[in-house]
Asker: 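Please find one structure pasted underneath; my questions will follow.
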Amino acid sequence: MSQHTDEGARGDAAQESAGAEKKAAVDADVQTLHSLGYAQELLRRMGSFSNFAISFSIICIIAGGLTSFQMGLSSVGGAAIGIGWPLGCVISLCVALTMGQVASAFPTAGGLYHWSSILGGKGWGWATAWFNLLGLVTVLAAINVGVYLFAMNALGPLVGVRIAEMPPEQAMLVQIVGVSLITISHAVFNHLGIRVTTLLTDFSGYLILVVSVALTVSMLVFAPERDPSRLFSFTNYSGAPGGGVWPATGSMGLAFLLGLLLPAYTITGFDASAHTSEETINASENVPRGIVRAVLVSGVFGWIMLSSIVLAIPDMDAAAAKGGDAFFWIVEHVLPRPLAIALYVGIAIAQYLCGLATVTSTSRMTFAFARDGGLPFSRHLKQVSPTFRTPVTAIWACSILAILFTVYTPVYSTITAVCVIFLYISYVMPTLVGIHAHGRTWTRMGPWTIGALYKPIAVVSVLGCLLLMFVSVQPPNEKALVITGAVLAVLAVVWFAFERRRFQGPPQGLTSQERVAAINAAEAAVGQRPAESSTADKVA
């Protein structure tokens with residue numbers, strides 16, 4: 001009896017100790033946030049795995065990696081996977097490492113915007129915010145169009161729905177309705193709070209790993225032959241041989257570069273870990289780890305999975321000629337039908353949850369920019385629900401904008417190119433100013449750091465991002481260049497004509513009693529309890 005009592009006492013003591021450690025970490029996070037001039041309005045409950053899972057869910061190798069598979073295969077064949085995928089992932093990993101360095105020092109929602117403002121000035125931060133926000137909205141649109149197309153092509157025929165046989169006008173109307181329903185459901189789940197979202201994105205993280213491993217093993221087991229040399233063989237599939245995915249070109253180098261859009265589109269959205277900084281416990285360490293781990297794990301598992309698909313292809317020429325239907329053609333010719341359907345269901349669910357996580361990331365960026373007055377209707381967009389502790393207006397605004405973008409730009413490849421450009425511009429902007437500020441105006445690093453490697457890796461990040469942006473505007477995506485140019489022109493006019501004098505940028509820490517009062521009022525409005533004494537007492 002006494003033994004059980006002792007064991008119970010030790011268990012209670014362990015729980016109390018863990019609870020005390022968690023509370024101490026949260027208290028430290030809140031004080032760090034206060035020192036940056038912000039209130040703890042969002043609910044801080046995400047752990048290390050949850051922070052990793054939200055970026056891993058957005059990257060989702062079984063979303064972008066499969067819905068954009070033709071972008072690689074129809075460029076230079078197997079070499080686009082064997083060589084091109086690792087190259088693209090190295091660029092993304094360099095970006096992630098430099099992003100993690102800054103995230104550790106400044107763990108706030110809307111991270112990229114805040115970092116650029118601190119390191120480069122409010123104008124630089126304002127431009128970064130707009131590119132990041134536009135990139136997140138367009139990537140949400142691209143993801144949900146991809147979810148719809150995948151589900152309809154893979155599972156639609158099982159219930160007698162074949163979008164390929166519909167008249168173009170009807171097919172487009174059905175797509176708009178389908179994408180709208182998907183996006184609205186994402187908004188509902190996000191509205192209900194970070195607890196619901198975290199539960200789903202944690203599940204998504206495990207699901208992606210399980211499905212990608214199952215798909216890899218299935219392809220290798222049922223492959224008619226396995227020729228590893230395919231992964232390093234270059235075949236120019238541009239034009240008709242690749243199903244018209246890319247315009248015909250006699251340049252193998254250009255065709256290879258076009259194939260880099262496969263990893264470039266897939267390995268994006270890892271800034272989600274930074275955007276949920278204010279909901280993450282021990283953010284200064286868990287956020288940078290989440291960013292880097294999400295890219296690294298996605299890169300490795302994605303390469304193994306996609307390589308297995310290439311190895312299983314019965315006929316490379318026939319598969320490439322299918323263009324956008326290449327993945328489905330491969331599955332139908334390699335896997336037993338029941339196994340294929342089971343994998344399709346798992347892939348569709350993971351892709352759906354990818355969009356869910358993207359709404360989370362986009363809404364936090366919107367909230368962060370709005371609380372500094374950077375957006376139209378900022379007074380509404382920065383509001384946090386006291387019940388759910390989520391920025392509900394920002395959630396619904398982002399979701400509606402994503403739906404509208406799919407109506408304007410229904411072509412999937414153009415949506416992909418636009419979101420890659422906008423996101424990588426926003427990724428590279430804080431890195432550019434970080435190179436100059438590092439060791440000068442930016443001397444205090446966070447607990448997670450890559451030390452002296454920061455500057456050389458940052459230079460590689462900038463050059464890699466410029467390369468991906470160049471590739472993203474090549475034919476047939478000239479429309480992406482037009483959209484990017486128009487956005488640049490509009491932002492320049494708006495900044496110099498209006499925002500340069502009006503926009504104040506992020507607060508400069510706790511610089512006044514007025515700011516302290518605003519923080520206390522914001523936390524009181526959502527029911528947040530200061531850890532110890534009030535912020536005002538600490539400043540006094």
Side-chain angles (χ1 to χ4, degrees), residues 59 61 64-96 135 138-139 142 230-268 295 298-299 302-303 306-307 309-310 316 319-321 323-324 326-327 411-425 427-428 431 459-485:
I59 293 173
I61 53 176
L66 300 182
T67 56
S68 301
F69 179 71
Q70 70 276 6
M71 294 184 176
L73 182 66
S74 293
S75 61
V76 293
I81 308 301
I83 300 173
W85 177 273
L87 176 60
C89 290
V90 166
I91 294 173
S92 296
L93 182 60
C94 289
V95 175
T138 52
V139 81
R230 284 181 174 181
L231 297 171
F232 310 99
S233 298
F234 288 80
T235 304
N236 191 338
Y237 285 123
S238 63
V245 172
W246 301 115
T249 175
S251 170
M252 189 70 78
L254 178 58
F256 176 74
L257 290 177
L258 291 172
L260 289 178
L261 275 187
L262 169 59
Y265 169 59
T266 305
I267 311 295
T268 54
V295 172
S298 297
W303 185 71
L306 295 175
S307 295
I309 297 172
V310 171
M316 289 290 290
F327 173 72
V411 180
Y412 180 74
S413 63
T414 301
I415 296 176
T416 301
V418 169
C419 75
V420 167
I421 293 169
F422 287 167
L423 282 178
Y424 275 95
I425 288 176
Y427 290 174
V428 81
T431 303
V459 171
V460 173
S461 299
V462 172
L463 296 177
C465 289
L466 292 175
L467 173 64
L468 295 178
M469 284 185 271
F470 167 77
V471 175
S472 297
V473 297
Q474 298 306 302
N477 296 321
E478 303 94 331
K479 195 173 184 179
L481 178 60
V482 174
I483 293 173
T484 304

Asker: How close do Ile421 and Val473 get, heavy atom to heavy atom, and via which atoms?
Answerer: CD1-CG1, 3.4 Å
Asker: Would you name the heavy atoms of Leu258 and Pro475 that are closest together and state the gap between them?
Answerer: CD2-O, 4.4 Å
Asker: Take Val76 and Met252, measure what side chain to side chain contact (heavy atoms under 4.5 Å, CB included) needs, and give me the verdict at the end.
Answerer: CA-CA 7 Å; Val76 293; Met252 189 70 78; 3.6 Å; yes
Asker: Starting at CD1 of Ile59, measure out to OG1 of Thr268 and round the result to the nearest 0.5 Å.
Answerer: 7.5 Å
Asker: Ser238 side chain to Thr249 main-chain N or O, any donor-acceptor pair under 3.5 Å?
Answerer: yes
Asker: Just do the side chain to side chain contact (heavy atoms under 4.5 Å, CB included) check on Cys465 and Val95 with the steps written out, would you?
Answerer: CA-CA 8 Å; Cys465 289; Val95 175; 3.7 Å; yes
Asker: Just so I know, are the side chains of Ile425 and Met469 near enough to count as touching, which here means a heavy-atom distance under 4.5 Å?
Answerer: yes
Asker: What is the minimum heavy-atom distance between Thr431 and Ser461, and which atoms define it?
Answerer: CG2-CB, 4.4 Å
Asker: Pick out which of Leu73, Leu231, Ile81 makes a side-chain contact (heavy atoms from CB on, under 4.5 Å) with Leu306.
Answerer: Ile81
Asker: How close do Phe232 and Ala79 get, counting heavy atoms only, and between which atoms?
Answerer: C-CB, 4.2 Å
Asker: Hey, are the side chains of Ile483 and Phe422 touching, using non-hydrogen atoms and a 4.5 Å cut-off?
Answerer: yes
Asker: How long is the span from the OG atom in Ser307 to the CH2 atom in Trp85, to the nearest 0.5 Å?
Answerer: 9.5 Å
Asker: Output the distance between atom OH (Tyr265) and atom CG (Leu423), rounded to the nearest 0.5 Å.
Answerer: 10.0 Å
Asker: Distance check, rounded to the nearest 0.5 Å: Leu467 atom CG versus Leu463 atom CG?
Answerer: 9.0 Å
Asker: So which atom in Val310 and which in Arg230 form the shortest heavy-atom distance, rounded to 0.1 Å?
Answerer: O-NH1, 2.8 Å
Asker: May I ask you to test the Phe256-Ser75 pair for a side-chain heavy-atom distance under 4.5 Å?
Answerer: no
Asker: Measure the shortest side-chain to side-chain distance between Ser472 and Leu261 over non-hydrogen atoms and say whether it is less than 4.5 angstrom.
Answerer: yes
Asker: Roughly how far, to the nearest 0.5 Å, is the CD1 atom of Ile83 from the CG atom of Leu260?
Answerer: 11.0 Å
Asker: Can Tyr424 and Ser92 be counted as having a side-chain donor-acceptor contact under 3.5 angstrom?
Answerer: yes
Asker: For Gln474 and Phe470, indicate whether the former's side chain and the latter's backbone hold a donor-acceptor pair under 3.5 Å.
Answerer: yes
Asker: Which label fits Phe327 and Phe69: parallel for a plane angle under 30°, tilted from 30 to 60°, or perpendicular past 60°?
Answerer: perpendicular
Asker: So which heavy atom on Ala319 is nearest to which on Ala326, and how close?
Answerer: O-CB, 3.4 Å
Asker: List the steps, then state whether side chain to side chain contact (heavy atoms under 4.5 Å, CB included) holds for Met71 with Trp246.
Answerer: CA-CA 8 Å; Met71 294 184 176; Trp246 301 115; 3.9 Å; yes
Asker: For a side chain to side chain contact (heavy atoms under 4.5 Å, CB included) check, start with the C-alpha distance between Leu468 and Ile91, then their side-chain angles and the critical distance, and finish with the verdict.
Answerer: CA-CA 9 Å; Leu468 295 178; Ile91 294 173; 4.1 Å; yes
Asker: Calculate, to the nearest 0.5 Å, the distance between atoms CG and CG belonging to Leu481 and Asn477 respectively.
Answerer: 10.5 Å
